[in-house]
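Here is the structure we will look at.
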Amino acid sequence: MDKVKVFLKNGEVKEYDYGVLIKDILPEINKRYIKEALAAKFNGELVDLSKKITEDGSLEIITFNDEEGKKVYLHSAAHVMAQAVKRLFPGVKLGIGPAIENGFYYDFDFPVDFSSDDLAAVEDEMAKIIKEDYPFIRRELSRQEALKLFSDLGEKYKVELIEDLPEDAVISVYEQGEFIDLCAGPHVPSTGRIKAFKLLSVAGAYWRGSENNPMLKRIYGTAFPKKSMLEEYLQKLEEAKKRDHRKLGVQLGLFSLHEEGPGFPFFHSKGMVIINELENFWRKEHKIRGYQEIKTPIILNRSLWEQSGHWDHYKENMYFTEIDNSTYALKPMNCPGAILIYKTEQRSYRDLPIRFAELGLVHRHERSGVLHGLMRVRAFTQDDAHIFMLPSQIKDEIIGVMDLVDYFYNIFGFEYMVELSTKPPKAMGSDEIWEQATNALKEAMEGKNMDYVINEGEGAFYGPKIDFHLKDCLGRTWQCGTIQLDFMLPEKFDINYIGPDGEKHRPVMLHRVIFGSIERFVGILIEHYGGAFPLWLAPVQIVILPIADRHLDYALDIKKMLEREDFRVEVDARNEKIGYKIREAEIQKIPYMLIVGDAEKEKEIVSVRKRREGDLGLVSLTEFIEKIKFERANKTVQ
RNA sequence: GCCGACGUAGCUCAACAGGCAGAGCAGCUGACUUGUAAUCAGCAGGUUACCGGUUCAAAUCCGGUCGUCGGCUCCA
């Protein structure tokens, strides 16, 4: 009989009979794989453990510890859920059911109403299926067979999927007990391998992500090979929710949201401290980098929006008002205003690049279901800038902005993801001009060796863009910074500069934000720091806690001295025990507490307590001030 | 906008299956003069989101509106 050579990951080469099953050689590789192996990678291709080896090749065993193994596991759990749902709801039609980060979902078209109350029943049925321990059996079918199978089953969405598969695609189905599903695989060996799982939520989701398609019901869940891992994950979710900016924002008195203004946040004085610090920093850094600050009106005439293209492309997101019988709009973007300023003077090529920066308040009518605390609102301040430049300056200007984003985000200790979005279906301008702009962005990123993903067709209607995304407490990402090239608006507004040849030329325009929206950025910051802001941003930087009434004068003296150094200081003069005051200050996440009693007053020193760290001991006030001035100036993040 | 859930005091949450809406924290008043995460006592606080319906009786059941939460779509 023929033999096959198998190259293992540890460098060993083994020989087996032709057609040996991967699962049968697991014990020889490592005994722990008998229990832990979920799938395998043969010659780089993910396969089932039940696969026969019919050629020489490299073999790698996949477990839950591998990212791919985790996906196989979660996806298998999704199949178990689908089987349970089909048992409980005859006539349900299957959509798709992939693994996602930390879980899985499956989309269903239910013949009856389905609500989150029904999840428990599905979970119970899943438990049965797991106990029944059906093997996952793979079968490969021809296109005709597959089409017949799924149309006989009434699975119209699966039929649609098969029809859209490329000509040469291998079509496979997986069976477990009475359940059969179109699936590329691989899967874990049997349903019994799913040990700990939980269904988390049910949500609507359009079939294939399009509003024009029917809405299916999506059930989200997660699964782990150990109960303790599931519990740990759920615990972590709970912990993360405590960092939610909507919760912390109220607790710390930073902002509030009211029914009277959905999507229009109210900032309290402590929230304004953070905003003002961010803006002060922003102004300083932009001045250094050659930006000129401008301010343009919030309400502008309809004719401007017609000229800019917003009237045609953005109207459903805009608010309108009437002044003296003519229509005006609340600006959804700052660009047309900046262009009007550009046009107030004859510009020379020697003036370019011109960098107009504007903290501009924009209003956008967002659909009611998308509002989300400070992250998604209907009025927000963009830390905008519009750069007018020569075509030859494009690359350097893009790099300049990318450096600025990197400089800013590093100060806050953010890790960020970069995405490039290309021409959308509803766009202004020719394909050529889009390609030119898109390539400019690509070149700049590649020049900086930046990792990025491409979002086809996700660009703004006037140009392609680079987006910078940051994560919130639950790992959801939000677009913050963005760089958008624009060849359209200069055209529409017929802006120009005089070149060395004495002729008029068209400048290129670039829109960009660093924070993105100040509101969103504050939301991200709250979650990133869990409310414990670094000293330079903390609304109250120091609280002085006198032990008893007789120490109040001394506390007020210290307050004055710190205020002279421009620190934000409060004295907790309440008639309470020191432990109580400390607790309050800790909950308010105030960076420094100064405790003053008889000893401190007598020697003119302070007892320093640091947020979350505790007692730092006694120091002189001058020493303390030096230390915190340094910390503030360096924007130290703990 | 769509799917699902939710909305009770400033906050966190109770109130079996329709039968007088309750607690802790916060607030106010008083006592205590306090040493590194909650001192004690008292007082006050509500048109149960809003509108309508069913009922002898609605926080509770039904319908609608608004808002919020988790998603989808859309986006900074």
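Just so it is clear: chains get the letters A, B, ... in the order the sequence lines come, proteins before strands, and each one is counted from 1. Side chains are part of it too, since the values below use all heavy atoms of this structure and drop only hydrogens, waters and symmetry mates.
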Is it the case that atom [atom1] in [X] sees more than 12 heavy atoms from other parts of the structure closer than 6.0 Å?
X        : atom1 : result
A:Gln251 : CD    : yes
A:Glu160 : CD    : yes
A:Glu316 : CD    : yes
A:Lys236 : NZ    : no

Evaluate whether the aromatic ring of A:Phe380 and the six-membered ring of the B:rA76 base sit under 5.5 Å apart, centre to centre, with an inclination under 30°.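 A:Phe380 ring centre within cut-off of B:rA76 base, planes near parallel; stacks.
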Protein-nucleotide distance ([X], atom [atom1]; [N], atom [atom2]), rounded to Å:
X        : N      : atom1 : atom2 : answer
A:Asn317 : B:rC75 : CG    : P     : 8 Å
A:Lys589 : B:rA37 : NZ    : P     : 15 Å
A:His511 : B:rC75 : NE2   : P     : 16 Å
A:Asp572 : B:rA38 : CG    : C1'   : 13 Å

Just the table, please: protein N/O against nucleotides 27-31 of chain B N/O, every pair under 3.5 Å.
none

Could you please name the option among [options] that lies closest to any side-chain atom of [X]?
X        : options                : value
A:Lys465 : B:rA37, B:rG35, B:rA76 : B:rA76
A:Gln484 : B:rC74, B:rA76, B:rA37 : B:rA76
A:Ile547 : B:rA37, B:rG35, B:rA5  : B:rG35

Between A:Asp615 and A:Gly481, which is nearer to the 5' end of RNA chain B once each is assigned its nearest nucleotide?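 Final value for this comparison: A:Asp615.
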By nearest heavy atom, map A:Glu519 and A:Asp549 onto RNA chain B; which one lands nearer the 5' end?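 Looking at RNA chain B, the more 5' nearest nucleotide goes with A:Asp549.
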Counting only pairs under 3.5 Å, give me each side-chain donor-acceptor contact of residues 256-266 of chain A, with atom names and distances, residues two or more places apart or in other chains.
| residue | atom | partner | partner atom | Å |
| --- | --- | --- | --- | --- |
| A:Ser256 | OG | A:His258 | NE2 | 2.8 |
| A:Ser256 | OG | A:His268 | NE2 | 3.3 |

Looking across every strand, which nucleic acid part, if any, lies under 4.0 Å from A:Lys217 by heavy atom: base, sugar-phosphate, or nothing?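 Sugar-phosphate: the residue A:Lys217, judged by heavy atoms under 4.0 Å, touches backbone atoms but no base.
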Could you write nucleotides 9-15 of chain B as a row of B, S and -, 5' to 3', where a protein heavy atom under 4.0 Å of any base atom gives B, of only sugar-phosphate atoms gives S, and otherwise -? -------
Each nucleotide of nucleotides 59-72 of chain B classed B (base within 4.0 Å of a protein heavy atom), S (only sugar-phosphate) or -, in 5' to 3' order, makes -------SSSSBBB
Sticking with atom C1', work out how far B:rA49 lies from B:rC32, rounded to a whole angstrom.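 Per the computed distance, 43 Å lies between those C1' atoms.
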C1' atoms of B:rU48 and B:rG22, separation to the nearest Å: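 About 12 Å, rounded to a whole number of Å.
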What I want to check is whether an N or O donor and acceptor connect the side chain of A:Gln479 with the base of B:rA76 at under 3.5 Å.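 There is none.
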Is the distance from OP1 or OP2 of B:rG4 to the nearest side-chain N or O of A:Ser116 less than 4.0 Å?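 Answer no for this pair, as no side-chain N or O of A:Ser116 is under 4.0 Å from OP1 or OP2.
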Atom pairs, N/O to N/O, protein against nucleotides 42-47 of chain B, distance under 3.5 Å?
none

Those residues of residues 596-609 of chain A lying under 4.0 Å from RNA chain B by at least one heavy atom: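 Result for residues 596-609 of chain A: A:Gly597, A:Asp598, A:Ala599, A:Glu600, A:Ser607, A:Arg609, sorted by number.
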Hey, would you say the A:Phe320 and A:Trp311 ring centroids sit under 6.0 Å apart?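 When the ring centroids of A:Phe320 and A:Trp311 are compared, they turn out to be within the sub-6.0 Å range.
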What I want to find out is whether A:Lys86 reaches A:Glu155 closely enough, with some N-O distance under 4.0 Å, to be called a salt bridge.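 Yes, charged N to carboxylate O under 4.0 Å.
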Test applied, side chain to side chain contact (heavy atoms under 4.5 Å, CB included); reference residue, A:Ile542; option that passes from A:Ile628, A:Val608, A:Val606: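 For A:Ile542, the side chain to side chain contact (heavy atoms under 4.5 Å, CB included) test succeeds with only one of A:Ile628, A:Val608, A:Val606, which is A:Ile628.
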